[in-house]
Protein chains: 4
Amino acid sequence: MGDGSERRDQIIVIARRLIAARGYSATTVRDIADEAGILSGSLYHHFASKEAVLQEILHGFQHDTLSAFERIAASGGSARERLDQLIEHAFLTIEQRPDDVRIYQNETGFLMTQPGFEFLADGAARIEELWLDQIMEGQETGVFRDTIDPRLAFRFIRDTVWSTVFWFRPGGSHTAASMSENYLDLLHHGMLTVEG
Amino acid sequence: MGDGSERRDQIIVIARRLIAARGYSATTVRDIADEAGILSGSLYHHFASKEAVLQEILHGFQHDTLSAFERIAASGGSARERLDQLIEHAFLTIEQRPDDVRIYQNETGFLMTQPGFEFLADGAARIEELWLDQIMEGQETGVFRDTIDPRLAFRFIRDTVWSTVFWFRPGGSHTAASMSENYLDLLHHGMLTVEG
Amino acid sequence: MGDGSERRDQIIVIARRLIAARGYSATTVRDIADEAGILSGSLYHHFASKEAVLQEILHGFQHDTLSAFERIAASGGSARERLDQLIEHAFLTIEQRPDDVRIYQNETGFLMTQPGFEFLADGAARIEELWLDQIMEGQETGVFRDTIDPRLAFRFIRDTVWSTVFWFRPGGSHTAASMSENYLDLLHHGMLTVEG
Amino acid sequence: MGDGSERRDQIIVIARRLIAARGYSATTVRDIADEAGILSGSLYHHFASKEAVLQEILHGFQHDTLSAFERIAASGGSARERLDQLIEHAFLTIEQRPDDVRIYQNETGFLMTQPGFEFLADGAARIEELWLDQIMEGQETGVFRDTIDPRLAFRFIRDTVWSTVFWFRPGGSHTAASMSENYLDLLHHGMLTVEG
DNA sequence: GATGAATGAGCCTTCATTCAT
DNA sequence: TATGAATGAAGGCTCATTCAT
């Protein structure tokens with residue numbers, strides 16, 4: 001258990017969609033098994049528990065996201081460019097893996113303290129570190145205004161970006177690119193005109 | 001059922017705390033009844049169902065919040081001043097009624113489409129209208145930059161403000177006032193320095 | 001939960017009979033509930049778990065048995081008389097509460113180390129103490145032969161007496177009294193004739 | 001199925017250890033297969049069912065034990081000597097094959113009436129016959145006291161001896177030999193001193 | 001012989017809800 | 001207004017067993 005068979009993958013795909021739509025606790029093992037065309041008990045041939053399915057979804061998503069963030073943080077360019085890239089990557093992730101993001105946003109709060117999900121807190125801390133580095137470097141180099149508590153700034157930005165997953169619908173009037181553009185504009189220059 | 005007896009109020013108070021902490025579906029009727037010192041079946045003398053308790057909590061909170069927003073939107077001053085006041089009121093609400101806000105943030109998404117909870121969508125729409133009015137008026141009067149989609153701006157702001165309820169802890173290094181101040185600073189002028 | 005209602009008592013009585021006949025793990029909650037005329041879930045209104053039913057049966061039985069043993073051990077007479085009375089009481093218990101004894105004999109070994117069943121080991125130790133006191137006092141006063149390890153003697157006696165529950169059937173050719181008589185005769189004088 | 005391959009033997013050895021330690025119903029086919037390094041389904045290439053494994057363990061043990069008892073019963077010497085030898089052999093068996101004895105003691109009661117396990121009752125009856133012969137011959141020849149019901153005597157002795165398997169631990173203060181010695185001393189002469 | 005996948009029946013337990021007293 | 005007892009539906013999970021490959 002842990003290697004990826006076809007059924008395993010199929011179950012993960014189904015579970016991801018269902019859990020994103022209904023929430024983890026409202027999604028039953030039977031729901032998942034039904035869609036996979038097997039009996040609910042048979043699911044335990046592939047996963048040790050319902051929780052293990054969730055764990056795998058979250059762990060995979062966190063791993064991918066964190067990897068991308070690490071890569072961006074280690075890349076060249078200014079702090080401002082790197083912060084922009086972090087934000088752009090987040091918007092892109094929301095467009096490409098909305099179910100993962102939704103699950104992460106919905107279930108992570110409660111789960112963080114549960115045994116077996118310690119990696120969530122670790123990952124969140126590492127992400128905060130990576131983003132914060134850019135903000136603080138930007139403030140130190142005089143690119144970012146330093147009147148704002150950098151920790152607050154990070155959380156404001158993080159919450160704004162990830163929350164869009166709950167209402168952003170690709171195919172509507174916006175794309176990940178236009179969302180990034182709008183948000184970065186607002187974040188960079190604020191709402192007020194020069195005269196305002 | 002609907003008149004306010006002491007027990008009713010007590011039950012609402014307990015339910016609010018419990019649901020905010022554990023989530024609606026993870027809070028059982030027995031949990032609530034236990035803390036109220038009655039048996040779970042007895043709770044049905046005061047409320048028609050578990051859902052009815054949640055309805056009452058959400059309805060009351062939405063009513064108060066909407067009233068305040070209506071008042072602010074109808075008050076004198078510039079669009080910018082009114083938007084600032086809306087934001088300040090939200091931060092104040094988070095400080096004073098965190099459990100209500102948490103429940104609203106956590107449960108509203110799924111509930112919105114459920115029968116009996118239509119008022120949630122109505123209220124959300126009205127709130128969007130009130131806030132949007134200020135943003136658009138600000139853009140029209142040249143106080144706010146108009147390169148940003150006002151609907152996006154509204155949602156960015158709304159999500160940022162309300163999301164703080166999940167990590168803001170009064171008694172720490174920030175108060176509602178300092179949160180407002182930091183956020184308004186960021187929102188007004190953006191992160192970049194003039195040279196940046 | 002813990003006070004004795006009628007249903008509670010009825011459930012205990014049914015569970016005792018079933019568990020004695022089939023064993024604890026082979027007896028299902030449904031079996032018990034069915035005989036009580038309720039749904040299996042309703043059993044949880046009276047007991048916290050299936051294990052709690054077993055606990056109550058074993059605890060009650062151990063308490064009664066231990067009390068009787070304490071009383072006998074504290075009574076007047078010689079060590080020999082008291083040992084005889086302990087044995088006679090055990091045979092009487094087997095006659096009157098065979099189901100309790102059977103459960104105790106069958107399930108106690110595994111359960112002893114389980115959380116919630118620590119009282120079993122404590123009780124067993126106290127019983128060994130009480131019986132051993134008589135044997136050792138008898139050896140010291142010269143009534144009992146001292147060539148036998150008293151701890152072994154205790155276990156030989158204990159096992160012999162309690163094991164009879166698996167084949168002794170009241171209404172057959174023996175009663176508790178005749179079993180006692182036969183066993184005490186054998187225990188006192190041994191199998192060999194004087195000439196043997 | 002029935003011929004002895006290596007895997008078969010290996011499975012029997014593992015099953016014996018596991019069933020002795022946890023009990024038959026608490027030992028799963030998977031437990032056994034895991035330790036054998038195969039999947040649980042593969043076990044069915046060697047045995048028709050979980051029950052068949054138990055059957056083979058019990059049948060083999062009963063056969064060996066019965067053979068030894070037949071040999072002793074047919075040997076020369078007095079009835080007393082033969083009864084002593086039967087007892088000594090039992091203690092030796094407990095020392096050498098404790099798992100077999102434990103399984104026999106634990107599972108035989110319930111199984112005796114099950115289809116496929118009729119041999120258990122047959123064997124038990126034959127053993128009773130062999131032991132009883134010695135006891136009755138001893139009583140008839142005046143070596144054993146005849147005030148005790150010989151059937152009771154047999155069961156008292158049998159239960160005492162076999163029950164020791166649950167607490168006798170080789171390597172402690174006793175060996176099979178010292179257990180035999182102590183028990184035979186008690187059985188022959190009883191607990192009372194001549195004056196007692 | 002062994003694997004890997006699945007079955008099907010059953011297990012203990014939870015929980016919102018009902019209702020006679 | 002409570003209680004106490006029960007319902008009924010469901011939930012996560014276990015396990016002996018089967019069978020195509």
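All chains are named by letter (A, B, ...) in the order of the sequence lines, taking the proteins before the strands, and each is independently numbered beginning at 1.
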**Student:** Identify whether NZ of Lys or CZ of Arg in D:R8 sits under 6.0 Å from the centre of the six-membered ring of D:F47 and within 45° of that ring's axis.
**Tutor:** yes

**Student:** Starting the side chain at C-beta, find the nucleotide from E:dC12, F:dT18, F:dT3 nearest to C:V29.
**Tutor:** E:dC12

**Student:** Can you check the B:I32 CD1 to E:dT14 P distance for me, whole Å?
**Tutor:**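 Spelled out: CD1 on B:I32 to P on E:dT14 is 18 Å.
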
**Student:** Among F:dG4, F:dA16, F:dG12, find the nucleotide with the atom closest to the side chain of A:R30.
**Tutor:** F:dG12

**Student:** Tell me the interatomic distance from C:E6, atom CD, to F:dA5, atom P, rounded to whole angstroms.
**Tutor:** 10 Å

**Student:** When you check the phosphate oxygens OP1 and OP2 of E:dA2, does a side-chain N or O of D:H45 lie under 4.0 Å from one of them?
**Tutor:** no

**Student:** Taking the minimum atom-to-atom distance to the side chain of C:L39, which one of E:dA16, E:dT13, F:dG8 wins?
**Tutor:** F:dG8

**Student:** Would D:R22 and C:F110 count as a cation-pi pair here, with the cationic atom under 6.0 angstrom from the ring centre and within 45° of the axis?
**Tutor:**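 Judged by the rule (NZ or CZ under 6.0 Å from the ring centre, within 45° of its axis), D:R22 is not positioned above C:F110.
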
**Student:** E:dC15 P sits how many Å from B:R22 CZ, rounded?
**Tutor:**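 Result: 10 Å.
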
**Student:** If you check the B:K50 side chain, which of E:dA2, F:dG12, E:dA16 turns out closest?
**Tutor:** E:dA16

**Student:** Using the side chain to side chain contact (heavy atoms under 4.5 Å, CB included) rule, pick out the option among C:I103, C:V101, C:D99 that qualifies with C:F61.
**Tutor:** C:V101

**Student:** Might you point out which heavy atoms bring D:V53 and D:L43 nearest each other, and give the distance in Å?
**Tutor:** CG2-CD2, 4.4 Å

**Student:** Nearest nucleotide by nearest heavy atom, which residue falls closer to the 5' end of DNA chain F, D:E51 or C:G37?
**Tutor:** C:G37

**Student:** For F:dC15, does OP1 or OP2 lie under 4.0 Å from any side-chain N or O of D:T28?
**Tutor:**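 So the side-chain polar atoms of D:T28 never come under 4.0 Å of the phosphate oxygens OP1 or OP2 of F:dC15.
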
**Student:** Taking ring pair (Phe, Tyr, Trp, His ring centres under 6.0 Å) as the test, write out the residues that go with C:F119, two or more places apart.
**Tutor:** C:H59

**Student:** Can you identify which nucleotide, out of E:dA5, F:dT17, F:dA2, has its nearest atom closest to the A:S5 side chain?
**Tutor:**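 It is E:dA5.
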
**Student:** Select from D:Y24 and B:L43 the residue whose nearest nucleotide in DNA chain F is closer to the 5' end of that strand.
**Tutor:** B:L43

**Student:** Testing the 3.5 Å rule here: is there a donor-acceptor pair between the side chains of B:R7 and B:Q10?
**Tutor:**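 Yes, a side-chain donor-acceptor pair sits under 3.5 Å.
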
**Student:** In dot-bracket form, 5' to 3', how is DNA chain E paired? Count Watson-Crick and G-U wobble pairs only if both distances fall under 3.5 Å, and write | where the partner sits on another strand.
**Tutor:** .||||||||||||||||||||

**Student:** For C:Q10 and F:dA5, what is the distance between atoms CD and P respectively, to the nearest whole Å?
**Tutor:** 12 Å

**Student:** Both C:S49 and A:G41 contact DNA chain E. Taking the nearest nucleotide for each, which residue is further toward the 5' end?
**Tutor:**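 Looking at the nearest nucleotide for each, A:G41 comes out on the 5' side.
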
**Student:** E:dG1 phosphate, OP1 or OP2: any side-chain N/O from D:S42 under 4.0 angstrom?
**Tutor:** no

**Student:** Side chain to side chain contact (heavy atoms under 4.5 Å, CB included) with D:L58: which of D:I19, D:L111, D:D100?
**Tutor:**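 Result for side chain to side chain contact (heavy atoms under 4.5 Å, CB included) with D:L58: D:L111.
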
**Student:** Between F:dG12 atom P and A:F47 atom CZ, what is the distance in whole Å?
**Tutor:**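 After rounding, the gap between these two atoms is 15 Å.
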
**Student:** Measure CD1/C:I38 against P/F:dA5 and give the value in whole Å, please.
**Tutor:** 10 Å

**Student:** Is D:T27 touching bases, backbone alone, or none of the nucleic acid, heavy atoms closer than 4.0 Å?
**Tutor:** sugar-phosphate

**Student:** Indicate whether OP1 or OP2 belonging to E:dA2 is found under 4.0 Å from a side-chain N or O atom of D:H46.
**Tutor:**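 Yes, such a contact exists.
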
**Student:** Would you mind reading off the distance between B:L18 atom CG and E:dC15 atom P, rounded to a whole angstrom?
**Tutor:** 13 Å

**Student:** Categorize C:S40 for me: base, sugar-phosphate, or nothing, with a 4.0 angstrom heavy-atom threshold over every strand shown.
**Tutor:**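 Base, at least one base atom sits under 4.0 Å.
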
**Student:** So, is B:Y44 near the phosphate of E:dT17, with a side-chain N or O under 4.0 Å from OP1 or OP2?
**Tutor:**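 Answer is yes, contact under 4.0 Å.
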
**Student:** Could you tell me whether B:K50 sits above the aromatic face of B:Y24, with NZ or CZ closer than 6.0 angstrom to the six-membered ring centre and within 45 degrees of the axis?
**Tutor:** yes

**Student:** Whole Å only: how far is the CG atom of B:D34 from the P atom of F:dG4?
**Tutor:**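 Atom CG in B:D34 sits about 13 Å away from atom P in F:dG4.
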
